[in-house]
Amino acid sequence: MSELVELTAVQLLDGYRKGEFSPVDATRAALRRAVEIQPAVNAFVRLETDAALARATESADRWRRGEPAGLLDGVPVCVKDILLLRGGPTLRGSKTVDPQGRWDEDAPSVARLREHGAVFLGRTTTPEFGWKGVTDSPLSGVTRNPYDVTRTAGGSSGGSAAAVALGAGPLALGTDGGGSVRIPAAFCGIFGLKPTYGRVPLYPASAFGTLSHVGPMTRDAADAALMMDVISGPDARDWSALGPVGGSFVEALGGGVRGLRVAYSPSLGGQVAVQPAVAAAVRRAVERLAGLGAYVTEADPDLTDPVEAFHVLWFGGAARVAQRLGPRQRESLDPGLREICARGARFSALDYLAAVDVRMELGRRMGRFHESYDVLVTPTLPLTAFAAGVEVPPGSGHRRWTGWTPFTYPFNMTQQPAASVPVGTDGDGLPVGLQIVAARHRDDLVLRTAHALYETGTAGVAPPPGF
């Protein structure tokens with residue numbers, strides 16, 4: 001049943017309900033696809049074949065009895081190897097993590113998926129401790145793009161993005177501290193949502209603090225909404241988690257965009273040089289929103305590039321990760337990570353507080369901006385996927401990954417919900433992403449706007465070659 005790998009979670013659940021196929025069929029198909037794609041793209045750290053089939057068998061029994069355990073019973077899911085999944089080590093892309101241990105706890109998002117009957121296929125790749133916007137690590141090597149294996153999948157949730165794009169499960173969990181869900185979603189042609197900070201609880205707490213979000217990576221917005229209905233419940237282990245959601249994200253999808261006030265910022269006021277093919281694809285999608293009845297205005301948020309403040313927060317978090325390591329362990333780190341750890345260790349408390357001041361001012365400005373506009377639309381990235389195995393595009397002159405991700409990390413600083421939606425390809429057949437941003441707590445608007453694009457066929461790209 002190779003066609004099962006082409007189905008969304010919503011379609012799989014409908015098939016289970018009708019008895020057309022079972023969770024065991026879907027899981028076997030997804031596992032076969034994971035094995036097939038691994039040599040070319042390197043999306044997985046580890047597959048959980050026996051455990052996955054056991055959970056799928058239990059799910060099939062529940063569906064036969066007409067008693068599914070929850071909203072995702074029997075749906076295959078991949079988990080980024082940053083988040084705890086009990087029963088096996090979470091290595092975080094690092095040789096410094098000891099695989100021997102109890103490993104008997106789930107992260108909150110994983111726990112909610114388990115409660116709803118999801119089937120865990122395996123652990124997906126990440127750069128070491130999720131530190132950069134591409135996915136390669138000393139532990140697991142380079143993760144490659146499904147559309148061109150000489151290119152990067154993006155990061156830091158690159159393994160999850162590649163797996164979903166190629167049919168190794170319709171759902172995946174990613175983390176996003178500066179774009180790590182949205183960057184690989186854009187490069188790999190899938191949907192990725194960074195929810196409002198705290199909407200999806202996180203435990204253990206990230207060393208990168210309140211920049212880090214957990215979010216769904218899926219084939220479309222409908223699957224992401226379904227996943228959000230599962231993983232958004234509060235968890236006592238996360239002191240910063242938000243309270244219960246006041247409604248269903250799935251039920252909020254159908255409102256359309258008629259009357260929605262959309263601000264379209266093609267380059268953040270001329271601050272970003274965007275590749276022509278990317279700009280054209282995003283503009284076509286924005287014109288479609290206008291055609292659907294949205295009030296579209298070309299308008300830029302009052303933002304100056306906060307990259308230096310972001311670096312203080314990000315590099316300081318990296319230094320905290322490395323603080324516990326001995327000299328020999330430090331030598332085993334990704335050289336780029338070792339470099340930013342050294343820089344982060346030189347920042348003072350006053351440097352950190354000054355960066356927090358920048359962050360709070362950004363939040364104030366975006367809060368005022370959303371008094372006039374319901375959503376902001378930008379390119380997700382100014383470019384399409386570049387060479388695999390490097391942090392920055394060759395010849396770009398950028399020093400760090402933040403140099404080519406100016407549309408993503410500002411909204412980690414403001415904690416707003418933001419999603420990447422695939423809206424076309426460039427001349428090389430590489431996917432282009434459009435970013436939708438809303439005010440804090442308006443994840444429903446992001447999902448609703450994206451869903452409108454999917455319903456009209458504006459969102460989505462052709463499957464990768466060989467899919």
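Keep in mind it's a predicted model, so treat the numbers as computed, not measured.
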Report yes if some heavy atom in the side chain of L171 is under 4.5 Å from a heavy atom in the side chain of D223; otherwise report no. yes
Under 3.5 Å, is there a donor-acceptor pair between the side chain of R123 and the main chain of L83? yes
Okay, side chain of S248, backbone of E251: is any donor-acceptor separation there less than 3.5 Å? yes
State, yes or no, whether a side-chain contact exists between L289 and L453 at a heavy-atom distance under 4.5 Å. yes
Can you find a side-chain donor-acceptor pair between S212 and S206 that sits under 3.5 Å? yes
Strictly distance-based, threshold 3.5 Å: is any side-chain N or O of S232 a donor or acceptor partner for the main-chain N or O of D229? no
Hey, are T175 and S180 close enough side-chain-wise for a donor-acceptor pair under 3.5 Å? no
Give a yes or no on whether the backbone of W401 and the side-chain of E391 come within a donor-acceptor separation of less than 3.5 Å. yes
Kindly compute the distance separating CG (D136) from CG (D334), expressed to the nearest 0.5 Å. 6.0 Å
Do you see a donor-acceptor pair shorter than 3.5 Å between the side chains of Q415 and H213? no
Any carboxylate oxygen within less than 4.0 angstrom of a Lys/Arg side-chain nitrogen, looking at E361 and R368? no
Considering only heavy atoms from C-beta outward, does the side chain of Y373 approach that of P301 to under 4.5 Å? no
Is any side-chain heavy atom of T425 closer than 4.5 Å to a side-chain heavy atom of Y147? no
Run the salt-bridge test on E339 and R400 with the 4.0 Å N-O cut-off and return the result as yes or no. yes
Counting C-beta onward and ignoring hydrogens, is there a side-chain heavy-atom pair between P216 and M228 closer than 4.5 Å? yes
Side chains of R359 and N412: donor-acceptor distance under 3.5 Å anywhere? no
W314 vs F208 aromatic rings, parallel, tilted or perpendicular, using cut-offs 30° and 60°? parallel
Looking at H441, is its backbone amide N or carbonyl O close enough to the side chain of T196 to form a donor-acceptor pair, meaning the two atoms are under 3.5 Å apart? yes
Do R33 side-chain atoms and L166 backbone N/O form a donor-acceptor pair below 3.5 Å? yes
What are the two closest non-hydrogen atoms of L202 and D238, and how far apart are they? N-OD2, 2.8 Å
Quick one: does R261's side chain have a donor or acceptor within less than 3.5 Å of a partner on S372's backbone? yes
Around atom OH of Y295, are there more than 12 heavy atoms of other residues, nucleotides or ligands at under 6.0 Å? no
Within a 6.0 Å radius of atom CZ on R320, are there more than 12 heavy atoms belonging to other residues, nucleotides or ligands? no
Determine whether the side chains of S420 and Q435 contain a donor N or O and an acceptor N or O closer than 3.5 Å. no
Does any N or O in the side chain of Q38 come within less than 3.5 Å of the main-chain N or O of F44, such that one atom is a donor and the other an acceptor? yes
Could you tell me if S157 and K80 have a donor-acceptor pair between their side chains, going purely by distance under 3.5 Å? yes
On a heavy-atom basis, which atom in G154 and which in I183 lie closest, and how many Å separate them? CA-CG2, 4.1 Å
Return the minimal non-hydrogen interatomic distance between L193 and V181, and the atom names on each side. N-CG1, 3.6 Å
In Å and rounded to the nearest 0.5 Å, what is the CD to CD1 distance from Q416 to I436? 13.5 Å
side-chain hydrogen bond (donor to acceptor under 3.5 Å, both in side chains) between T125 and T135, intermediate numbers included: CA-CA 7 Å; T125 53; T135 300; 5.3 Å; no
Could you walk me through whether T96 and R324 satisfy the side chain to side chain contact (heavy atoms under 4.5 Å, CB included) test, starting with their C-alpha distance in whole Å, then the side-chain angles of each, then the deciding distance to 0.1 Å, before giving a yes or no? CA-CA 10 Å; T96 69; R324 62 178 176 79; 3.9 Å; yes
Report yes if the side chains of V282 and V432 come closer than 4.5 Å at any heavy-atom pair, otherwise no. yes
G189 and V461 have their tightest heavy-atom pair at O-CG2, 3.7 Å
Say whether, by atom type as modelled, one donor and one acceptor occur between the side chain of T408 and the main chain of G178 under 3.5 angstrom. yes
What pairs meet the salt bridge (charged side-chain N to carboxylate O under 4.0 Å, His left out) rule with one or both residues in residues 413-431, with sequence neighbours excluded? R151-D428
Ion pair present between E455 and R448, side-chain N to carboxylate O less than 4.0 angstrom? no
Let me see the working for F120 and V110 under side chain to side chain contact (heavy atoms under 4.5 Å, CB included), right down to the final yes or no. CA-CA 9 Å; F120 301 112; V110 174; 3.8 Å; yes
With no hydrogens and no angle check, do the side chains of Y352 and D357 hold a donor and an acceptor under 3.5 Å apart? no
Just how far is it from atom CG of L226 to atom NE2 of H116, taken to the nearest 0.5 Å? 9.5 Å
What's the spacing between L303 CG and M413 CE if we round to 0.5 Å? 10.5 Å
Parallel, tilted or perpendicular: which describes the rings of F315 and F347, with under 30° parallel and over 60° perpendicular? parallel
Does this structure show an ion pair linking R182 with D176, if we count only N-O contacts that are shorter than 4.0 Å? yes
So, D235 and R112, do they make that salt bridge, N to O below 4.0 Å? yes
What I'd like to find out is whether the side chain of C188 reaches to under 4.5 Å of the side chain of N145, using heavy atoms alone. yes
Are the side chain of S332 and the backbone of K95 linked by a donor-acceptor contact shorter than 3.5 Å? no
Shortest non-hydrogen separation from N42 to S140 and the atoms involved: ND2-O, 2.7 Å
Run F187 and L430 through side chain to side chain contact (heavy atoms under 4.5 Å, CB included) and show every step you take. CA-CA 7 Å; F187 279 176; L430 297 169; over 6 Å; no
Side chains of T297 and Y264, donor plus acceptor under 3.5 Å: no
Quick one: closest heavy-atom pair of R338 and R330, and the distance? CD-O, 3.2 Å
Could you please spell out the steps behind the side-chain hydrogen bond (donor to acceptor under 3.5 Å, both in side chains) verdict for S265 and D300? CA-CA 5 Å; S265 179; D300 301 305; 2.6 Å; yes
Drop me the distance from I231's CD1 to L173's CG, to the nearest 0.5 angstrom. 5.5 Å
Rounded distance (nearest 0.5 Å) linking atom OG of S137 with atom CH2 of W131: 12.0 Å
Side chain proximity check, V164 to F191, heavy atoms < 4.5 angstrom: no
Could you walk me through whether F386 and V134 pass side chain to side chain contact (heavy atoms under 4.5 Å, CB included), step by step? CA-CA 10 Å; F386 52 87; V134 294; 3.8 Å; yes
